[in-house]
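The structure appears right after this line, and notes come after that.
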Amino acid sequence: MSRKDLHENPFDDSTIAKLEIFEDYAQAWIPTFVMSGAKTICIFDFFAGTGYDKNAVEGSPIRILNKIKQQIGNIFQKKVKVKVYLNEWEPDKKNQSKFELLKKACLDYLESNLDVKRAIELNFYNEDFGELFTKLLPIIKQFPSLVYLDQNGIKFLSEKYFLELEKTRQTDFLYFVSASYFWRFGESKEFKMHLDIDMTIAKKDPYKFIHRNIIEQLRTKLPSDSRLKLYPFSLRKGSNIHGIIFGASHPRAVDKFLSIAWKRNETNGEANFDIDDDQKKAQLTIFGEKTLTKIEEFKENVKQKLLSKKISNNFELLDFVYDEGHIANHASECIKEMKKNKEIAYNGISPLVTYDNVYKFKKKIEYKIL
């Protein structure tokens, strides 16, 4: 679906899903920085659209404003300045209908929500993404920032934007891409000018895994000392696969996104469909064997890491949880089961595999092999 179609037709289920994920993450992100003492926070939507679809379903800009409103009391109490940057580029200066619709939708919202109007600085742009990104990058680097990039063509996938965001330390980003672009055009000269992906590796697995394989290659392009974590969330739309690339450097951000992803799909936390065919794995094969589901395989890996002493405490375990794209509860369930089976021992009732225990309260607990 082209961006022209996107704004002239109702949002489809895939578009709604990605908007909801962004909205859920904004809901978690805003209070985190508002309550942390930050004086200024910034939200960037570089492909903002018109504010609503043709059926008045809210697009990303209105959803952002809604999430700001939910925190309005804390924002005023903490005296936080919220800066919002919305861009919708229309090269044809004689036809600015989408850009004008965006402005009208947001300004009308503010007139109906004067508390939000007082709390934020709203900036509208009608500029080419590449030029605007360079212009706004110093602001992204200066303040805690949430960056939303909704792909609009091959050149916007350029790794130069991706690597610039990697250099920041207080930026979380959600990058929406059409994995079918990679599958169809990844070997073309034009594509490789912007993002050089080894399509032989990318296509080594069935098409439904293309997004996962792309993420694996993007990770190899990061500097060796990078703290940036990248996670995929695939969205199936008909025969096509779209998806989200989430990126953040802080463990707290990683923890929040993974919680959102696993809440949307408790089977795999990685797609809006059964990407690994886990439902079939619940059935025994004709030989009486059972293939492990994604969660079962992860728990088995945790068990082996502990028994081989490659992991010996909750600090190491939580890092492994994040590296594997799981949530802490999966590891906690495994640890408790191992204690119950007298395979390991630790002090107390809880294995303390949570972000707060590890990163906030620094409570370290050792797991001893019995």
Side-chain angles (χ1 to χ4, degrees), residues 21 204-206 208-219 228-235 243-248 251-285 289-346 350-359 364-370:
I21 291 172
K204 64 184 174 68
D205 297 314
K208 66 178 180 176
F209 297 116
I210 181 69
H211 198 208
R212 181 187 290 175
N213 291 345
I214 289 167
I215 287 279
E216 289 177 1
Q217 289 201 57
L218 289 176
R219 288 174 179 147
L228 181 67
K229 300 286 189 182
L230 297 173
Y231 300 95
F233 195 92
S234 295
L235 300 165
I244 299 166
I245 298 172
F246 172 79
R252 176 174 51 191
V254 168
D255 189 86
K256 288 183 182 300
F257 177 77
L258 290 174
S259 295
I260 290 168
W262 279 95
K263 186 176 181 180
R264 289 198 72 86
N265 190 329
E266 295 180 353
T267 301
N268 58 56
E270 191 185 342
N272 69 342
F273 60 98
D274 187 8
I275 190 170
D276 294 307
D277 295 324
D278 279 341
Q279 292 183 357
K280 295 180 181 178
K281 294 174 184 176
Q283 304 169 3
L284 297 176
T285 67
E289 300 171 342
K290 182 180 181 300
T291 304
L292 296 179
T293 66
K294 181 175 181 176
I295 295 177
E296 290 169 344
E297 184 176 0
F298 169 74
K299 289 181 177 180
E300 181 62 27
N301 289 339
V302 168
K303 181 177 179 178
Q304 294 306 318
K305 291 284 185 182
L306 265 81
L307 294 177
S308 63
K309 298 183 179 181
K310 293 180 180 178
I311 291 176
S312 61
N313 58 62
N314 58 325
F315 281 44
E316 294 172 348
L317 180 54
L318 189 61
D319 284 344
F320 181 70
V321 169
Y322 292 157
D323 286 344
E324 295 297 303
H326 279 258
I327 51 176
N329 191 49
H330 295 163
S332 184
E333 290 172 353
C334 176
I335 296 297
K336 289 177 180 178
E337 185 69 19
M338 291 181 72
K339 183 179 184 180
K340 180 181 177 181
N341 294 336
K342 301 189 183 325
E343 296 173 285
I344 61 170
Y346 54 86
S350 170
L352 304 182
V353 193
T354 67
Y355 170 81
D356 282 351
N357 282 315
V358 171
Y359 286 99
K364 194 170 188 178
I365 187 171
E366 297 291 332
Y367 308 128
K368 298 177 182 179
I369 307 299
L370 298 179

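This one's a predicted model, so the numbers in the text were calculated from it and none came from an experiment.
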Quick one: does [X]'s side chain get under 4.5 Å of [Y]'s, heavy atoms only?
| X | Y | value |
| --- | --- | --- |
| T267 | D276 | no |
| I335 | Y346 | yes |
| Y355 | V321 | no |
| F315 | E366 | no |
| F273 | S234 | yes |
| D278 | E297 | no |
| H211 | I245 | yes |
| L307 | I369 | yes |

Between the main-chain N or O of [Y] and the side-chain N or O of [X], is there a donor-acceptor pair closer than 3.5 Å?
| X | Y | result |
| --- | --- | --- |
| N341 | E343 | no |
| S332 | A328 | no |
| Y367 | I311 | no |

task: Decide yes or no on side chain to side chain contact (heavy atoms under 4.5 Å, CB included) for R212 and I275, but give the supporting numbers first.
output: CA-CA 10 Å; R212 181 187 290 175; I275 190 170; 3.9 Å; yes
query: So among E300, K299, K339, which one has a side-chain contact (heavy atoms from CB on, under 4.5 Å) with C334?
result: K299
- line: Nearest heavy-atom approach of V302 to L317 is CG1-CD1, 3.9 Å
- request: Could you give me the CA-CA distance, side-chain angles and deciding distance for K336 and V353, then say whether side chain to side chain contact (heavy atoms under 4.5 Å, CB included) is met?
  value: CA-CA 11 Å; K336 289 177 180 178; V353 193; over 6 Å; no
task: Check the angle between the aromatic planes of F320 and F298 and answer parallel, tilted or perpendicular using the 30° and 60° thresholds.
output: parallel
task: Look at the aromatic rings of H326 and H330 and report parallel, tilted or perpendicular, splitting at 30° and 60°.
output: perpendicular
First locate atom [atom1] of [X], then atom [atom2] of [Y], and finally report the distance between them rounded to the nearest 0.5 Å.
| X | Y | atom1 | atom2 | answer |
| --- | --- | --- | --- | --- |
| I295 | E266 | CD1 | CD | 8.0 Å |
| K280 | T293 | NZ | OG1 | 15.0 Å |
| T354 | L318 | OG1 | CG | 7.5 Å |
| I365 | N313 | CD1 | CG | 9.5 Å |
| L306 | I344 | CG | CD1 | 5.5 Å |
| R264 | I21 | CZ | CD1 | 4.5 Å |

Exceeds 12 heavy-atom contacts within 6.0 angstrom, atom NZ of K305: no
message: Surrounding NZ of K310 (heavy atoms of other residues, nucleotides or ligands, distance under 6.0 Å), is the total greater than 12?
response: no
Sequence neighbours left out, cut at 3.5 Å: what donor-acceptor pairs do the side chains of residues 252-260 make with other protein atoms?
unit_1, atom_1, unit_2, atom_2, d
D255, OD1, Y322, OH, 2.7
S259, OG, D255, O, 2.9

- request: Verify the distance criterion only: is there a donor paired with an acceptor across the side chains of E333 and N329 at less than 3.5 Å?
  value: yes
Any side-chain donor near an acceptor of the partner, N357 and N314, under 3.5 Å: no
- prompt: Are any of the side-chain nitrogens in K281 or D274 under 4.0 Å away from the carboxylate oxygens of its partner?
  reply: no
message: Filter on salt bridge (charged side-chain N to carboxylate O under 4.0 Å, His left out), then keep only pairs touching residues 319-331, sequence neighbours left out; what's left?
response: K229-D323
